[in-house]
Asks: 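Next up is a structure, given as structure tokens.
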Amino acid sequence: MPICRVKSAAVDEQHNAKTNSIIRSQMVGLDLGNGFELPFRVGLGQRPPYPAGEYDIDPKSFALSPYGDLVLKRYVDLISIGFKAAPPAAKA
């Protein structure tokens, strides 16, 4: 099962001059089970940032494109599955 890891509650805010609005987002790592995390941005809108921890993607965040492809909606919701501390370093 893929796991989304939030390591920091830091929020990135970008000003959109065209609409004169602020776009808020947070970086999350997606672990597909191979030990490597793929970074992706989660749009927050006016929602508070996610605290550090492990999350699953809420099934309501998925949609179908007009061509029948599975896609994520603009604002992805995460569901907490807890927090796991980093494993201890291996002893030499």
Side-chain angles (χ1 to χ4, degrees):
M1 167 176 81
I3 296 174
C4 297
R5 287 194 181 90
V6 174
K7 296 182 181 176
S8 169
V11 174
D12 180 41
E13 294 185 349
Q14 296 180 351
H15 180 260
N16 183 335
K18 190 175 185 179
T19 62
N20 198 27
S21 62
I22 302 292
I23 299 170
R24 299 174 64 247
S25 62
Q26 186 174 11
M27 289 304 294
V28 176
L30 178 64
D31 184 349
L32 298 173
N34 59 3
F36 297 101
E37 289 184 8
L38 301 170
F40 74 100
R41 190 174 308 275
V42 173
L44 294 174
Q46 296 301 314
R47 300 179 297 177
Y50 290 98
E54 293 188 339
Y55 296 84
D56 194 2
I57 296 175
D58 188 330
K60 292 183 251 175
S61 296
F62 293 97
L64 291 177
S65 75
Y67 302 102
D69 298 323
L70 184 64
V71 296
L72 287 171
K73 294 181 179 178
R74 178 176 177 143
Y75 292 107
V76 173
D77 290 321
L78 301 178
I79 301 171
S80 178
I81 56 174
F83 182 80
K84 293 182 183 174
K91 294 181 181 179

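Keep in mind that this is a model prediction, so the values were computed, not measured. Hydrogens, waters and symmetry mates play no part in the numbers below; they use all other heavy atoms, side chains included.
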Asks: Say whether Leu70 and Leu32 are linked into one hydrophobic cluster, either directly or through other cluster members, by side-chain heavy-atom distances under 4.5 angstrom.
Replies: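 Yes, same cluster.
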Asks: Using side-chain heavy atoms (C-beta onward) and a distance below 4.5 Å, is Arg5 in contact with Tyr55?
Replies: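 Heavy-atom side-chain distance check fails, nothing below 4.5 Å.
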Asks: Can you give me the closest heavy-atom contact between Tyr50 and Val6, atom names plus distance?
Replies: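 Answer, listing the atom of Tyr50 first, then Val6: O-CG1, 3.5 Å.
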Asks: Counting distance only, does the side-chain N/O of Gln26 pair as donor-acceptor with the main-chain N or O of Ser8 below 3.5 Å?
Replies: yes
Asks: Spell out, yes or no, whether Val42 and Val71 are grouped together once hydrophobic residues are joined by side-chain heavy atoms under 4.5 Å, including indirect joins.
Replies: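 Different clusters: Val42 never reaches Val71 through Ile, Leu, Val, Met, Phe, Trp or Tyr contacts under 4.5 Å.
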Asks: Hey, what do you get for CD1 (Ile23) to NE2 (His15), rounding to the nearest 0.5 Å?
Replies: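 Nearest 0.5 Å value for the CD1-NE2 distance: 9.5 Å.
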Asks: A side-chain contact here means heavy atoms from C-beta on lying under 4.5 Å apart; do Ile57 and Val76 qualify?
Replies: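 In contact.
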Asks: Examine Leu38 and Leu72 and state if one hydrophobic cluster contains both, with Ile, Leu, Val, Met, Phe, Trp and Tyr joined whenever side-chain heavy atoms are less than 4.5 Å apart.
Replies: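 The answer is yes; both residues are in one hydrophobic cluster.
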Asks: Of all heavy-atom pairs between Leu78 and Val28, which one has the smallest distance, and what is that distance?
Replies: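 Closest heavy-atom pair between Leu78 and Val28: CD1-CG2, 4.3 Å.
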Asks: Quick one: closest heavy-atom pair of Asp58 and Ile79, and the distance?
Replies: CA-CD1, 3.6 Å
Asks: Would you name the heavy atoms of Pro49 and Ala9 that are closest together and state the gap between them?
Replies: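 What the structure gives for the nearest pair is CB-O, 3.5 Å.
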Asks: Between Asp12 and Arg24, does any side-chain N to carboxylate O distance fall below 4.0 Å?
Replies: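 Looking at Asp12 and Arg24, the cut-off is not met.
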Asks: Salt bridge check: are Glu37 and Lys7 linked by an N-O gap of less than 4.0 Å?
Replies: yes
Asks: Could you state whether Val11 and Phe40 fall into the same hydrophobic cluster, counting links through intermediate Ile, Leu, Val, Met, Phe, Trp or Tyr residues with side-chain heavy atoms under 4.5 angstrom apart?
Replies: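 Same cluster: Val11 reaches Phe40 through Ile, Leu, Val, Met, Phe, Trp or Tyr contacts under 4.5 Å.
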Asks: How far does OG of Ser21 sit from CD of Glu13, to the nearest 0.5 angstrom?
Replies: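 That separation rounds to 11.5 Å.
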Asks: Of the non-hydrogen atoms in Pro2 and Leu30, which two are nearest, and what is the gap between them?
Replies: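 Looks like CB-CD1, 3.9 Å.
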Asks: Between OG of Ser61 and NZ of Lys73, what distance do you get to the nearest 0.5 Å?
Replies: 7.0 Å
